[in-house]
Amino acid sequence: MTNQAMDNFKSQVFLILNSIPFGECIAYGELAAQAGFPNHARQVGAIMKKLPKDTSLPWHRVVNAQRRISFAENTDGYLRQKEKLEQEGWLIVGTKLQLKNKDS
DNA sequence: CGGCTGGCTGCCT
DNA sequence: AAGGCAGCCAGCC
């Protein structure tokens, strides 16, 4: 992957991220695929990792393919993501995301 | 330049 | 349902 492609990739990731509506979420792999680069799920994670804590991007809407938060519980990242998701109407059980109403 | 490490995934016990 | 494992690929050392 060229540096240029990578810039493009990042740009796409940010765009797509911003396009995710309130209350929805997307998987790392899917985000990567939509950005035009399948099998780059981890790279998406790497990008998220670099984001400043005060970023305005809805990075919390990105979860793993199992619809779980990809952080161990009691970690800082986990807590921050959980909090933001709860603000968007999600119910978090452990690392698992569920809809408040019914679900599954 | 080789080796290890991840905000991952899917397949196979 | 729950681990283990092997691909995956850019960063870092």
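Atoms considered below: every heavy atom in the structure, side chains included; atoms not considered: hydrogens, waters and symmetry mates. Here is the naming used below: chain letters follow the sequence lines, and residue numbers restart at 1 for every chain.
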Using heavy-atom distances to pick each residue's nearest nucleotide on DNA chain B, tell me which of A/Ser70 and A/Gln66 is more 5'. A/Ser70
Base, sugar-phosphate, or nothing for A/Ala32, non-hydrogen atoms under 4.0 angstrom? nothing
Could you state the interatomic distance from OG1 (A/Thr55) to CZ (A/Phe14), rounded to the nearest 0.5 Å? 7.5 Å
Write down the distance between CG (A/Leu17) and C1' (B/dG7), rounded to a whole number of angstrom. 13 Å
Check for a donor-acceptor pair, side chain of A/Arg61 on one end and backbone N or O of A/Leu17 on the other, with a separation under 3.5 Å. no
What is the distance, to the nearest angstrom, from the NE2 atom on A/His40 to the C1' atom on B/dC8? 12 Å
Whole Å only: how far is the NZ atom of A/Lys96 from the C1' atom of C/dA2? 12 Å
Please report the closest heavy-atom contact between A/Val44 and A/Phe9, naming both atoms and the distance. CG2-CZ, 3.8 Å
Rounded to the nearest 0.5 Å, what separates atom CG in A/Leu97 from atom CD in A/Gln66? 12.0 Å
Distance between the C1' atoms of B/dG6 and C/dC8, in whole angstroms? 12 Å
Tell me what A/Gly29 touches on the nucleic acid: a base, only sugar-phosphate, or nothing, going by heavy atoms under 4.0 Å. sugar-phosphate
Just checking A/Ala46: base, sugar-phosphate only, or nothing, at a heavy-atom cut-off of under 4.0 Å? nothing
Round to a whole Å and report the spacing from CD of A/Gln81 to P of B/dC8. 11 Å
d(CZ, A/Phe9; C1', C/dC8) in whole Å: 12 Å
From C-beta outward on A/Met6, which listed nucleotide comes closest to its side chain: C/dA10, C/dC9, B/dT9? C/dA10
Among the nucleotides B/dT9, B/dG7, C/dC9, which one has an atom lying closest to any side-chain atom of A/Gln43? C/dC9
Within the 3.5 Å criterion, strictly below it, is a donor on A/Gln87 or A/His60 matched to an acceptor on the partner's side chain? no
A/Arg42, nearest nucleotide to its side chain (from B/dT9, C/dC8, B/dG7): C/dC8
In this structure, CG of A/Leu91 is separated from CD of A/Glu86 (nearest 0.5 Å) by 7.5 Å
DNA chain B: stems of at least 3 consecutive Watson-Crick or G-U pairs, cut-off 3.5 Å? B:2-6 with C:9-13, B:8-13 with C:2-7
Taking CG from A/Asn39 and P from B/dC8, how many angstroms apart are they, rounded to a whole number? 15 Å
Return the value, rounded to whole Å, for the distance between atom OH of A/Tyr78 and atom C1' of B/dG6. 20 Å
In whole Å, measure the gap between the P atoms of B/dG7 and C/dG7 for me. 22 Å
Nearest 0.5 Å please: distance from the CH2 atom of A/Trp90 over to the CD1 atom of A/Ile69. 11.0 Å
A/Arg67 has an atom CZ; how far is it from atom P of B/dT9, in whole Å? 14 Å
With a non-hydrogen cut-off below 4.0 angstrom, is A/Val44 in contact with a base, only sugar-phosphate, or nothing? nothing
State, yes or no, whether a side-chain contact exists between A/Lys82 and A/Glu73 at a heavy-atom distance under 4.5 Å. no
Which of these nucleotides, B/dG10, C/dC9, C/dA10, is closest to any side-chain atom of A/Met1? C/dA10
